[in-house]
**Student:** 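The structure under discussion is supplied below as structure tokens; questions concerning it will follow.
On a predicted model such as this, the values are computed, not experimentally measured, just so you know. First listed ligand is number 1; within each ligand, the first listed atom is number 1.
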Amino acid sequence: MNLKMNSLLRCACTAVTICLGLPLSHLSAAAPPAKVKPLSSYDPQVKALLAKMTLEEKVGQMTQPDISALQDPTDIENLFLGSLLSGGNADPKEGNSLDAWTNMYDEYQKHTQKTRLGIPILYGVDALHGHNNVLGAVIFPHNIGLGCTRNAALVEKIGKITAEEVRATGIQWAFAPCVTVPQDIRWGRSYEGFSSDPAIVKVLGEAAVRGLQLNDLSNPLAVLACAKHYLADGGTSFGTGTGGKNTLDQGNSEIDEATLRQVHLQGYLTTIKAGVGTIMPSYSSWNGLKMSANKYLMTDVLKKELGFEGFVISDYNAIDQIGKDYKENVGITINAGMDMVMIAGRHREFVKDLLALVKEGKVPMSRIDDAVTRILRVKFAMGLMDKDRSQLADRKLQSSFGSPAHRAVAREAVRESLVVLKNGNQALPISKQAARIHVAGKSADNLGNQCGGWTIDWQGKTGEVTPGGTTILASIKSAVSKGTKVTFSADGTGAEGATLGVVVVGEKPYAEGFGDRTNLALDQEDINAIANVKQAGIPVVVVLLSGRPLILGDALNQADAFVAAWLPGTEGQGVTDVLFGDFKPVGKLSFAWPKSMDQVPVRTGDTKTDVLFPLGYGLKF
Ligand code: GLC
């Protein structure tokens, strides 16, 4: 092929990707991925340690209590515990400050020094969009927004910063990334997914792991990542959820194996390639069998077929859902391939039951040794067994915690995540010299709504949720010229006479099944706020803060411009960078946007042509 033809072909390809709205270059990791040292390369050291361990010490390594239920911290040395976690609301007694978290971590870690072998604990938290349990941490956009950036390098950078802020508290394990592929946006965890398209999830999930683990678990700035929730957590059938008839969460994925692999397995293929150290099975079931009990998927597929060398950590009390008898549940899940069990409230019972099951020959010692081998591989890889390395928090890292440099990256992510759905009458960009801008909507001055769930509280909380962030109203005030007047009313009244109105609406925070909904319409308060500003006879720019596409109805017609900002986190200025034209919008939908509820769900591969906006849609201006 001559040069001319070649360049023509290249131009043609570029044109095609732009019009498809899927700049494929973005979706591949920037540089060829770094080679990661296989966890099995630590087996010589692991075998030597394993040979010294008693059965009690081995079972202790497989036990992960939630600190909220750890009444007596001496359980750490008495039961040889291998790990602890802070579940959604399991916070330090002294509150959620950086120091309170760091002091708590150090206190727990010190207990392990009293054990015969001194094996340090791994401490896990849900650092899903920054170190989101800790006041003052940078809160990044939730994954649904990052999916709209299609920017793997940016997602990796976010992982790196998250790891640094997590390490500033001493903690070494983040239960992230979620590589779910949500198929029904009525699910409350849709926003934890990058996309309903596995092609996007696989690339960004890999990038997140490389960012968190730095391609080198021995790096003191790396944290252990956790790909979750294995498998098809986002593929459950409506009405099968554990929350009752109208739910999806923790339900049953009724799909064939081909679909399971093509749609839901992709993120695990790439995160295993990236060296992810842990994988978390889902509460949900596949064709009626709970994932925590699925030996075929946890052992035959994950460990044998895919060669996963790290360890499998259960979800929070997830093994309770296997059956009615707890001891039987313990035996089933461990024999199916679970290596460590996350427990709130009955860790002593778990230890007693598992010891008994081994002594009764119902759980073979070979299974225990395999589980502990996997756990110790990770601990050796992370330098936890290096006697000359402190396992307490490196408090020097606290100088960059919540820093302007970290916030600048979060602001960049917000900018790139915004998707412009409509821009009639060239309402965007807004002039910084406008005489008066009237701001409205329940979420305009509400950091909690901006951050969404998993922020300080498990469910998040509306209002002033954490210090250091910037609301969209504050961002507008700081963006405009000195001569511009900015007024505000949550309900949209009083907009008469303004140059234009900006109305910020959407969802209040939620997490997991509490976010399952049967109807995704805008709430009346939002519809009224938009209508009140419209009634003032001025241009209306609507900004939607939501964990998923919502049914917009007439609100879209009433708006001159409409922007999906997802759950952007603390850096509201990323939104105004786009609104005022300081940054050209690049965001592309990572989910299809249905016109009405009868179009929901739009599953991967559905070719419903009359959706409101297709996956990949996004306007430029
Ligand atoms: C939760 C979630 C899981 C989380 C774990 C620990 O219920 O399902 O994503 O990592 O428990 O908080």
**Student:** Quiz question: by atom type and distance under 3.5 Å, do the side chains of Tyr296 and Glu257 form a donor-acceptor pair?
**Tutor:**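 Yes - a donor-acceptor pair under 3.5 Å links their side chains.
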
**Student:** When you compare ligand 1 with Asp126, is there at least one nitrogen or oxygen pair between them that comes in under 3.5 angstrom?
**Tutor:**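 By distance alone, the answer is yes.
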
**Student:** Under 4.0 Å from a heavy atom of Phe175: give me the atoms of ligand 1 that qualify, with their elements.
**Tutor:**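 Here the atoms of ligand 1 in question are 10 (O).
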
**Student:** Do any side-chain atoms of residues 310-320 form donor-acceptor pairs under 3.5 angstrom with protein atoms, and if so which ones, sequence neighbours left out?
**Tutor:**
unit_1: Ser314; atom_1: OG; unit_2: Met342; atom_2: N; d: 2.8
unit_1: Asn317; atom_1: OD1; unit_2: Ala344; atom_2: N; d: 2.8
unit_1: Asn317; atom_1: ND2; unit_2: Ala344; atom_2: O; d: 3.3

**Student:** Within the 4.0 Å heavy-atom shell around Lys228, which atoms of ligand 1 are there?
**Tutor:**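 Listed by number with element, the hits are 3 (C), 4 (C), 9 (O), 10 (O).
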
**Student:** State whether Asp353 and Arg346 are salt-bridged, where the test is any N-O pair (Lys NZ or Arg NE/NH1/NH2 against Asp/Glu carboxylate O) under 4.0 Å.
**Tutor:**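 No salt bridge links Asp353 with Arg346.
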
**Student:** So if I count the atoms of ligand 1 from 1 in the order they appear, which ones are less than 4.0 Å from some heavy atom of Gly87?
**Tutor:**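 Those qualifying, in numeric order: 12 (O).
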
**Student:** Run through Val301, Val276, Leu231 and flag the one making a side-chain contact (heavy atoms from CB on, under 4.5 Å) with Tyr268.
**Tutor:**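 The residue from Val301, Val276, Leu231 that satisfies side-chain contact (heavy atoms from CB on, under 4.5 Å) with Tyr268 turns out to be Leu231.
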
**Student:** Please say whether Trp454 places an N or O atom under 3.5 Å from an N or O atom belonging to ligand 1.
**Tutor:**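 No, no N or O pair falls under 3.5 Å.
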
**Student:** My understanding is that we take every heavy atom of each candidate and find the minimum distance to atom 3 (C) of ligand 1. Doing that for Asp66, Asp315, Asn317, which one comes out nearest?
**Tutor:**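 Among Asp66, Asp315, Asn317, the closest heavy atom to atom 3 (C) of ligand 1 belongs to Asp315.
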
**Student:** Return the minimal non-hydrogen interatomic distance between Leu70 and Asp75, and the atom names on each side.
**Tutor:**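 Of all heavy-atom pairs spanning Leu70 and Asp75, the closest is CD1-CB, 3.9 Å.
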
**Student:** Write out the residue and atom name of the closest protein heavy atom to atom 1 (C) of ligand 1, then the distance separating them to 0.1 Å.
**Tutor:**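 Checking every protein heavy atom, the shortest distance to atom 1 (C) of ligand 1 gives Glu512 OE2, 3.2 Å.
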
**Student:** What are the atoms of ligand 1, with element, lying closer than 4.0 Å to any heavy atom of His229?
**Tutor:**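 Within the 4.0 Å cut-off of His229, ligand 1 contributes 3 (C), 8 (O), 9 (O).
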
**Student:** Does any non-hydrogen side-chain atom of Tyr191 lie less than 4.5 Å from one of Arg548?
**Tutor:**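 Counting from C-beta outward, Arg548 and Tyr191 never come under 4.5 Å.
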
**Student:** Quick check on Glu192 - does any of its heavy atoms sit under 4.0 Å from an atom of ligand 1?
**Tutor:**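 Glu192: no contact with ligand 1 (<4.0 Å).
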
**Student:** Select one of side chain, backbone, both or neither to describe which atoms of Tyr283 lie under 4.0 Å from any atom of ligand 1, heavy atoms only.
**Tutor:**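 For Tyr283, the contact with ligand 1 is made by the side chain alone.
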
**Student:** Below 3.5 angstrom, do we get any N/O pair linking Tyr316 and ligand 1?
**Tutor:**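 In fact, backbone or side chain, Tyr316 has no N or O that close.
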
**Student:** So, Ser282 and Asp233: side-chain donor and acceptor under 3.5 Å apart, yes or no?
**Tutor:**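 Judged by distance alone, the side chains do not pair up.
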
**Student:** Heavy-atom pairs closer than 4.0 Å: do any link ligand 1 to the side chain of Arg189, the backbone, both, or neither?
**Tutor:**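 Near ligand 1, Arg189 shows its side chain, while the N, CA, C and O stay back.
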
**Student:** Thr455 and side chain to side chain donor-acceptor pair (under 3.5 Å): which single residue from Gln450, His142, His129 fits?
**Tutor:**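 The residue from Gln450, His142, His129 that satisfies side chain to side chain donor-acceptor pair (under 3.5 Å) with Thr455 turns out to be His129.
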
